[in-house]
Trainee: 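The structure's right below; bear with me while I get my questions together.
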Amino acid sequence: MSAIHIHNEGISGVADKAVRNLESVRAARHEIYGAVEPLDGIESEAVRLIRLLTLVKDVQLLQTPAVGHQAFDAMDLGARLTASMSLIGAENRRRPEPKVLRSGDPEYTHLQTMEGQMKETRVLLGDLVSSVHVGLRGNPRDGFAVERQVLLEANDKVKRASGANLLLYSRLRHKLEDNKDLLVQLDDDDAVGVGLPRVSGTMVQEWLDNVRHTC
């Protein structure tokens, strides 16, 4: 289902819908009395997830299939949490007197579970974004290099949105600072450090065999 949706909407479209769903989650919290701690946690995670999704929507170089599928999961989670929180609020409004949710109440526990789901989704999306090889060129036979300016610009956007650097930037930080060439070469240690093969016989073959096995 997610693959079809992503194909029809595009990753930017999916990320945009996810943002709107998460804004609805933020609005739904005001329908619930009490449960301040988990509701604050849900809103905080929603805000951080919205920043990441907006980044994905705006930076095409980050739109890998894995990031797209995680954006879809965030969109789906936002819709489910909005529905669940709205139901809690609606049931409370039907009471003669609104119930203030406290620790130990089933609804409170449910909200804590929601907060955990939000955090898990946000952390996974952040990890996937950070691991995108922005600006990478080359292959296992000829070696790898990165387009310096492309990586620097993308990393600046990622850092502002998530507070974390791209893995490729972190690995090449000193080379990027010392080398002003358009292309910065990756040596074997750099390549292995970001999940690529060494550009040498057996290591390349092992990596290719592993890629074929996991596809």
Side-chain angles (χ1 to χ4, degrees), residues 1-60 62-132 157-165:
M1 179 63 181
S2 63
I4 295 173
H5 198 105
I6 292 168
H7 175 75
N8 291 338
E9 299 286 339
I11 293 176
S12 289
V14 169
D16 185 59
K17 284 190 175 181
V19 168
R20 283 184 272 137
N21 287 352
L22 289 166
E23 291 291 4
S24 295
V25 168
R26 297 182 65 197
R29 74 155 294 172
H30 300 295
E31 301 178 25
I32 300 172
Y33 295 91
V36 174
E37 186 172 342
L39 287 173
D40 281 351
I42 287 170
E43 178 151 16
S44 175
E45 291 296 341
V47 168
R48 297 174 73 181
L49 194 45
I50 285 169
R51 286 199 203 105
L52 275 173
L53 288 161
T54 301
L55 174 73
V56 170
K57 181 181 71 171
D58 294 341
V59 182
Q60 190 173 5
L62 298 174
Q63 295 175 10
T64 64
V67 168
H69 285 295
Q70 188 62 16
F72 177 87
D73 288 347
M75 180 187 74
D76 181 64
L77 178 62
R80 290 188 287 109
L81 296 194
T82 299
S84 186
M85 293 168 71
S86 295
L87 180 60
I88 292 173
E91 289 179 345
N92 204 15
R93 287 193 299 273
R94 285 197 290 268
R95 298 173 181 271
E97 292 186 10
K99 177 183 178 181
V100 178
L101 298 182
R102 294 182 172 84
S103 179
D105 291 334
E107 300 92 338
Y108 191 104
T109 302
H110 184 55
L111 291 170
Q112 288 178 313
T113 301
M114 290 183 194
E115 180 185 0
Q117 291 173 336
M118 292 280 284
K119 181 177 181 179
E120 182 180 356
T121 300
R122 188 260 306 167
V123 169
L124 181 52
L125 180 59
D127 288 346
L128 289 170
V129 166
S130 295
S131 65
V132 176
K157 293 174 182 177
V158 170
K159 185 67 178 289
R160 282 189 276 114
S162 69
N165 288 312

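Remember, it's a predicted structure, so these values are computed and weren't measured experimentally. Reckoned from all heavy atoms, side chains included, excluding hydrogens, waters and symmetry mates.
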Trainee: Name all pairs fulfilling the salt bridge (Lys or Arg N to Asp or Glu O under 4.0 Å) condition that reach into residues 28-43, sequence neighbours left out, sorted by first residue then second.
Mentor: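 Output for this query lists R26-E43, R29-D40, R29-E43, E31-R93.
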
Trainee: How long is the span from the CD atom in Q70 to the CG atom in L125, to the nearest 0.5 Å?
Mentor: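 It is 5.5 Å, given to the nearest 0.5 Å.
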
Trainee: List the atom pairs, donor and acceptor, that lie under 3.5 Å between side-chain atoms in residues 45-57 and the rest of the protein, sequence neighbours left out.
Mentor:
from: E45; atom 1: OE1; to: R122; atom 2: NE; distance (Å): 2.9
from: E45; atom 1: OE1; to: R122; atom 2: NH2; distance (Å): 3.2
from: E45; atom 1: OE2; to: R122; atom 2: NH2; distance (Å): 3.1
from: T54; atom 1: OG1; to: I50; atom 2: O; distance (Å): 2.8
from: K57; atom 1: NZ; to: D16; atom 2: OD1; distance (Å): 3.4

Trainee: Search all heavy atoms of I42 against all heavy atoms of M114 and return the closest pair with its distance.
Mentor: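 Heavy atoms only, the tightest pair is CD1-CB, 3.9 Å.
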
Trainee: Does the pair L101 and I88 meet the rule for a side chain to side chain contact (heavy atoms under 4.5 Å, CB included), with working shown?
Mentor: CA-CA 10 Å; L101 298 182; I88 292 173; 4.1 Å; yes

Trainee: How long is the straight-line distance from CD1 of I32 back to NZ of K99, given to the nearest 0.5 Å?
Mentor: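 Rounded to the nearest 0.5 Å, the NZ-CD1 separation comes out at 12.0 Å.
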
Trainee: Looking only at heavy atoms, what is the nearest atom pair of A18 and A71, with distance?
Mentor: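 For A18 and A71, the tightest heavy-atom pair comes out as CB-O, 3.8 Å.
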
Trainee: What residues form a salt bridge (charged side-chain N to carboxylate O under 4.0 Å, His left out) with E120, not counting sequence neighbours?
Mentor: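 Once residues adjacent in sequence are excluded, E120 has no partner under the salt bridge (charged side-chain N to carboxylate O under 4.0 Å, His left out) criterion.
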
Trainee: Under a 3.5 Å distance rule, please check whether Q63 uses its side chain to pair with a backbone N or O of G68 as donor and acceptor.
Mentor: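 Pair absent, no side-chain N/O of Q63 close to backbone of G68.
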
Trainee: By salt bridge (charged side-chain N to carboxylate O under 4.0 Å, His left out), which residues pair with R160, not counting sequence neighbours?
Mentor: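 Checked R160 against salt bridge (charged side-chain N to carboxylate O under 4.0 Å, His left out); matches are D156.
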
Trainee: Pair L62, V67 - check side chain to side chain contact (heavy atoms under 4.5 Å, CB included), show working.
Mentor: CA-CA 7 Å; L62 298 174; V67 168; 5.5 Å; no

Trainee: Is a side-chain donor or acceptor of S162 paired with a backbone partner of K159 at a separation under 3.5 angstrom?
Mentor: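 Not confirmed, S162 side chain does not pair with K159 backbone.
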
Trainee: Compile the donor-acceptor pairs under 3.5 Å between side chains in residues 103-111 and protein atoms, sequence neighbours left out, one pair per line.
Mentor:
from: D105; atom 1: OD2; to: R102; atom 2: N; distance (Å): 2.8
from: T109; atom 1: OG1; to: D105; atom 2: O; distance (Å): 3.3
from: H110; atom 1: NE2; to: S84; atom 2: OG; distance (Å): 2.7

Trainee: side-chain hydrogen bond (donor to acceptor under 3.5 Å, both in side chains) with S44: which residues, sequence neighbours excluded?
Mentor: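 Residues passing side-chain hydrogen bond (donor to acceptor under 3.5 Å, both in side chains) with S44: none at all.
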
Trainee: Go through M118 and L22 one step at a time and tell me if the side chain to side chain contact (heavy atoms under 4.5 Å, CB included) criterion holds.
Mentor: CA-CA 10 Å; M118 292 280 284; L22 289 166; 3.7 Å; yes

Trainee: With rounding to the nearest 0.5 Å, note down the distance linking CD in E23 to OG1 in T82.
Mentor: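 If I round to the nearest 0.5 Å, the distance is 10.0 Å.
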
